[in-house]
There are 2 protein chains.
Amino acid sequence: MTRVLVVDDEPQITRALVINLKARKYDVDAASDGATALQLAAARHPDVVVLDLGLPDMDGVEVIKGLRGWTRVPILVLSARHSSDEKVEALDAGADDYVTKPFGMDELLARLRAAVRRAEPTGGGEDDVIVETAGFTVDLAAKKVHRDGRDVRLTPTEWHLLDVLVRNTGRLVGQKQLLQEVWGPSYGTETNYLRVYMAQLRRKLEVDPSHPKHFITEPGMGYRFER
Amino acid sequence: MTRVLVVDDEPQITRALVINLKARKYDVDAASDGATALQLAAARHPDVVVLDLGLPDMDGVEVIKGLRGWTRVPILVLSARHSSDEKVEALDAGADDYVTKPFGMDELLARLRAAVRRAEPTGGGEDDVIVETAGFTVDLAAKKVHRDGRDVRLTPTEWHLLDVLVRNTGRLVGQKQLLQEVWGPSYGTETNYLRVYMAQLRRKLEVDPSHPKHFITEPGMGYRFER
DNA sequence: GACGTCCTTGACGCAACCCTGATGCCCCGC
DNA sequence: GCGGGGCATCAGGGTTGCGTCAAGGACGTC
């Protein structure tokens with residue numbers, strides 16, 4: 001199900017959006033200020049963000065920048081301001097679309113669909129979602145790990161971590177990047193999380209967890225997944 | 001250079017767009033009807049398409065569908081029609097954005113930039129900068145060094161040093177600059193650090209560490225990396 | 001309300017890394 | 001020939017970072 005984060009300080013607009021979105025089977029979160037928006041985005045990882053620029057606590061453009069610091073989630077800006085400069089500023093800060101109030105709900109939903117569609121994995125279908133190693137098989141799309149003819153159960157956090165590492169197979173992923181992608185942008189120094197969860201992944205996937213062949217530590221820098 | 005395909009049957013609009021785009025260093029193709037547009041898109045593979053819906057030979061939505069049959073190139077629709085239905089139809093056919101005439105050139109360009117930015121290779125892309133020498137291979141992005149068919153492990157400080165040197169391949173890098181870039185701005189005279197770490201890099205990477213071919217000392221000045 | 005799962009947090013031993021000082025070499029100037 | 005400065009190399013010690021284990025707490029389920 002597609003998850004939408006709605007950010008607006010006018011209750012009636014939020015209400016209208018939430019009702020319409022839920023009726024169309026979207027999974028909806030709502031925030032009424034920038035801080036909550038950033039927090040929710042980090043916690044819930046929405047597939048698209050609908051953002052009103054006129055927020056009580058911070059400039060909408062700052063919210064855009066805050067999001068763009070760590071995610072490429074589509075951002076659809078909603079604003080009462082028609083000026084060209086406002087639009088340019090928001091778009092160049094990283095917004096994907098800009099709709100002026102008052103807006104037609106049909107149009108907004110169409111633009112939302114367009115934004116979500118764009119962000120979908122490449123339609124070519126040529127990328128291998130399945131990664132095989134000597135010891136186990138990872139299917140990123142199906143969220144399944146197979147080992148010794150059995151499915152391995154992973155917790156959400158373990159999945160998230162594995163996902164980031166596998167998508168960067170062979171490359172070093174910095175500890176800060178890992179923390180931010182898995183735990184959210186406000187993390188970056190809690191390397192003990194990484195230690196604990198890397199240990200769990202190794203215990204579940206490595207043949208000899210204390211001598212890992214696939215989940216490799218680069219001391220002081222980060223971790224690397226090797227097939 | 002980014003290539004734009006402009007499709008519009010009104011010469012003055014096409015002209016204005018082409019001039020503005022070329023002034024901003026875009027590579028521009030132009031078509032005045034749908035058939036030419038589809039043909040040019042196939043031949044030139046533009047990075048983004050600006051498409052007027054009111055074409056003489058075919059419905060604009062048909063052009064969108066024709067493009068979407070084989071490419072995900074961003075399509076920015078331009079139209080004189082303000083009706084909500086038109087917008088929804090175009091967006092759902094596969095357009096990425098919809099701008100109504102008359103439009104501000106600044107806004108259009110900003111939306112164009114946003115569309116192009118979105119289409120850029122995803123973070124998980126495989127665009128790695130690899131530097132090769134006679135004895136070893138350095139992949140700066142993946143933080144990998146390959147030598148004699150084996151991966152060489154480097155410590156963070158060694159990496160940092162190698163990074164600065166490789167980025168200045170062939171150029172002399174002063175001792176002070178090296179110290180400040182690797183150890184921080186408050187350093188500048190601790191040349192013994194450099195000696196120790198250059199020795200380690202040579203030991204790990206040079207065929208004959210005591211007669212370096214790639215990490216060259218310039219006495220009294222600094223060091224130089226040669227491929 | 002009891003249970004289980006998952007995330008967080010702290011403590012401990014151990015290994016890796018960074019800094020430092022000592023020694024010897026080479027090149028250059030005196 | 002002699003002395004000195006800059007460089008290469010090596011080895012030791014302090015510090016940091018990592019792996020591991022275990023306990024506490026939040027959350028959802030039955």
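Below, each value reflects all heavy atoms present in this structure, side chains not excepted, and no hydrogens, waters or symmetry copies. No experiment lies behind these values; they were computed from the predicted model shown.
Proximity note for B:Thr157 (side chain, C-beta onward) versus C:dC18, C:dC7, C:dT8: the nearest is C:dC18. Picking from C:dC17, D:dG19, D:dC7 the nucleotide with the shortest atom distance to the side chain of B:Pro156 gives C:dC17. Set against C:dT8, D:dC18, C:dC19, the side chain of A:Trp183 has C:dT8 as its closest nucleotide. Closest contact between the side chain of A:Val196 and the listed nucleotides D:dT9, D:dC7, C:dG10 involves C:dG10. Taking the side chain of A:Arg195 as heavy atoms from C-beta on, and the options C:dC19, D:dG19, D:dT9, the nearest nucleotide is D:dG19. In this structure, of C:dC17, C:dC7, D:dG19, it is C:dC17 that holds the atom nearest to the side chain of B:Thr155.
Ion pairing of A:Lys144 with A:Asp139 is absent here, as no side-chain N (NZ or NE/NH1/NH2) approaches a carboxylate O to less than 4.0 Å. Comment: B:Glu132 does not engage B:Arg227 in a salt bridge, judged by the lack of any side-chain N to carboxylate O separation of less than 4.0 angstrom.
Whole-Å rounding puts the A:Leu161 CG to C:dC6 P distance at 15 Å. Look at CG on B:Asn192: it is 19 Å from P on C:dG24, rounded to the nearest Å. In this entry the distance linking CE of A:Met221 with P of D:dT16 reads 19 Å, nearest Å.
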Dump the intermediate steps for salt bridge (Lys or Arg N to Asp or Glu O under 4.0 Å) on B:Asp97 and A:Arg111, then the final yes or no.
CA-CA 7 Å; B:Asp97 203 344; A:Arg111 287 184 182 273; 2.7 Å; yes
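Counting any heavy atom pair closer than 4.0 Å across all strands shown, A:Gln200 reaches no nucleic acid atom. No engagement by A:Arg203 is indicated, since no non-hydrogen atom pair under 4.0 Å with the nucleic acid exists. Counting non-hydrogen atoms under 4.0 angstrom, B:Tyr193 reaches the backbone sugars and phosphates but no base. As judged by a 4.0 angstrom heavy-atom cut-off over every strand, A:Glu218 is placed among residues making no nucleic acid contact.
A close approach under 4.0 Å does not occur between any side-chain nitrogen or oxygen of B:Tyr197 and OP1 or OP2 of D:dT9. Distances shown here put a side-chain N or O of A:Thr217 below 4.0 Å from the OP1 or OP2 atom of D:dG19.
Using a distance-only test at 3.5 Å, with no hydrogens or angles considered, no donor-acceptor pair links the side chain of A:Arg81 to the main chain of A:Gly54.
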